[in-house]
Amino acid sequence: MSGPTAETPSTIQICRIMRPDDANVAGNVHGGTILKMIEEAGAIISTRHCNSQNRERCVAALARVERTDFLSPLCIGEVVHASAEITYTSKHSVEVQVNVTSENILTGVTKLTNKATLWYVPLSLEDVDRVLEVPPVVYSRQEQEQEGRKRYEAQKLERMETKWRNGDIVQPVLNPEPNTVSYSQSSLIHLVGPSDCTLHGFVHGGVTMKLMDDVAGIVATRHCKTNVVTASVDAINFHDKIKKGFIITISGRMTFTSNKSMEIEVLVDANPVLTNTPKRYRAASAFFTYVSLSQEGRSLPVPQLVPETEDEKKRFEEGKGRYLQGRRGRRPEVTPGQKPSSR
């Protein structure tokens, strides 16, 4: 990673060993576990940076995660290292790049498993609805600031467009047919507790992402009835904060299938049930891509999705466009779901 000079906080790294409760029944670590570690590393370094000068104290809140590819499955017993570095700051936001590597502590083999870019905004500890200014960073090259501004403007525009089109709700259907959207769609209801929250009393972005991945995994498993793993996550947008005591509904539905992958749209709605005027609102949204694996860890064909309604057909075509765009942007050596030879 090449970002600001040493005048800014140095790169940080968090690591921990993967345990059985981090993995599915086949021993593959949940993608949500890795996403949570990525967010924790990003939150630490961005919060440190935003409090690095003698200003009003704040906590950095996650606003967006760019597309993240899972380059290699992780297994129980491996150590995961998440290294974070600030790569750009605007007036009110911080861009953080996180690299994730896995380490087999028996053989010493290490592999790059993820590269993620996250955006944070600093929220005042005194008034959580007030966004504070971010201390500037010093770049080693002028081009770094220009490139960062382009990325900032692009993600800002996409976040706004995503929020505008996030009005629909996943509705249950009685007696759905196999391989249809209704057959595999799933929802999870979660009461936000203190352990889910930051110093503000708002949900950690990593907690939300893990729940989103859990639901996406259920949808994928229901559709293909095999072991599944996360292959990639399209941009995750956080539209609004979620408070302690709120009830959140995480809903997932299949939008597109290729021969060997499945795209699942995941929507997070929050309901402030403890207030006098409860109003449900969209808090986050993303697209997860899963692959089906055999017991030997090889990619399996995916049953083809059968869209029924006009909306489902429209979402299928939109998903196909994202799939083709992702294939063009993916590095040749990346094969989601491929079992590493070292394991």
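Nothing here was measured: the structure is a model prediction, and the numbers come from that model.
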Could you check His81 against Asn99 for side-chain hydrogen bond (donor to acceptor under 3.5 Å, both in side chains), going step by step and ending with a plain yes or no?
-> CA-CA 8 Å; His81 304 262; Asn99 283 353; over 6 Å; no

Are [X] and [Y] joined in one hydrophobic group, where the rule is that I, L, V, M, F, W and Y side chains link up if heavy atoms are under 4.5 Å apart?
X      : Y      : answer
Ile12  : Val80  : yes
Tyr323 : Phe288 : yes
Val266 : Ile248 : yes
Ile242 : Val121 : no

Name the one of Val128, Leu125, Leu123 that satisfies side-chain contact (heavy atoms from CB on, under 4.5 Å) with Val59?
-> Leu125

Distance from [X] atom [atom1] to [Y] atom [atom2], nearest 0.5 Å?
X      : Y      : atom1 : atom2 : value
Lys115 : Leu71  : NZ    : CG    : 9.0 Å
Glu265 : Met254 : CD    : CE    : 12.5 Å
Leu324 : Ser258 : CG    : OG    : 9.5 Å
His204 : Cys197 : NE2   : SG    : 7.0 Å
Lys36  : Leu211 : NZ    : CG    : 8.5 Å
Tyr290 : Thr226 : OH    : OG1   : 12.0 Å

Within the side chain of [X], is there an N or O that forms a donor-acceptor pair under 3.5 Å with the backbone of [Y]?
X      : Y      : value
Gln325 : Gly321 : no
Asp196 : Gly193 : yes
Arg222 : Gln185 : yes
Thr47  : Ala60  : yes
Asn237 : His239 : no
Ser294 : Arg298 : yes
Ser46  : Gly42  : yes
Glu39  : Gly206 : yes
Thr255 : Glu263 : yes

Please say whether more than 12 non-hydrogen atoms of neighbouring residues, nucleotides or ligands are located less than 6.0 Å from [atom1] in [X].
X      : atom1 : result
Lys314 : NZ    : no
Arg19  : CZ    : no
Gln53  : CD    : yes
Gln304 : CD    : yes
Lys241 : NZ    : yes

Determine the interplanar angle of the Tyr152 and Tyr88 rings, folded into 0 to 90°, and report it as parallel if under 30°, tilted if 30 to 60°, perpendicular if over 60°.
->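 Ring orientation of Tyr152 relative to Tyr88: tilted.
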
Please work out whether the ring planes of Phe246 and Tyr281 are parallel, tilted or perpendicular, with thresholds of 30° and 60°.
-> perpendicular

Just do the side-chain hydrogen bond (donor to acceptor under 3.5 Å, both in side chains) check on Thr87 and Glu95 with the steps written out, would you?
-> CA-CA 6 Å; Thr87 48; Glu95 180 192 53; 2.7 Å; yes

With side chains defined as the heavy atoms from C-beta onward, is the minimum distance between [X] and [Y] less than 4.5 Å?
X      : Y      : result
Val94  : Trp119 : no
Ser292 : Asn227 : no
Ile14  : Met37  : yes
Val29  : Ile34  : yes
Val181 : Phe316 : no
Phe287 : Ile264 : no
Asn271 : Thr249 : no
Met209 : Asp213 : no

Is any NZ, NE, NH1 or NH2 atom of the basic residue among Arg315 and Glu317 found under 4.0 Å from an Asp or Glu carboxylate oxygen of the other?
->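 No, Arg315 and Glu317 are not salt-bridged.
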
So, are Arg149 and Glu153 salt-bridged, with charged N and O less than 4.0 Å apart?
->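 Yes, this pair counts.
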
Show your reasoning for whether side-chain hydrogen bond (donor to acceptor under 3.5 Å, both in side chains) applies to Asp69 and Asn114.
-> CA-CA 6 Å; Asp69 289 305; Asn114 299 83; over 6 Å; no

Pairing residues for Thr110 by the side chain to side chain contact (heavy atoms under 4.5 Å, CB included) criterion, not counting sequence neighbours = Glu103

Tell me, with the steps shown, if Ser124 and Glu56 meet side-chain hydrogen bond (donor to acceptor under 3.5 Å, both in side chains).
-> CA-CA 7 Å; Ser124 167; Glu56 183 177 345; 2.4 Å; yes

Think Lys243 forms a cation-pi with Phe202, using NZ or CZ under 6.0 Å from the six-ring centre and within 45 degrees of its axis?
-> no

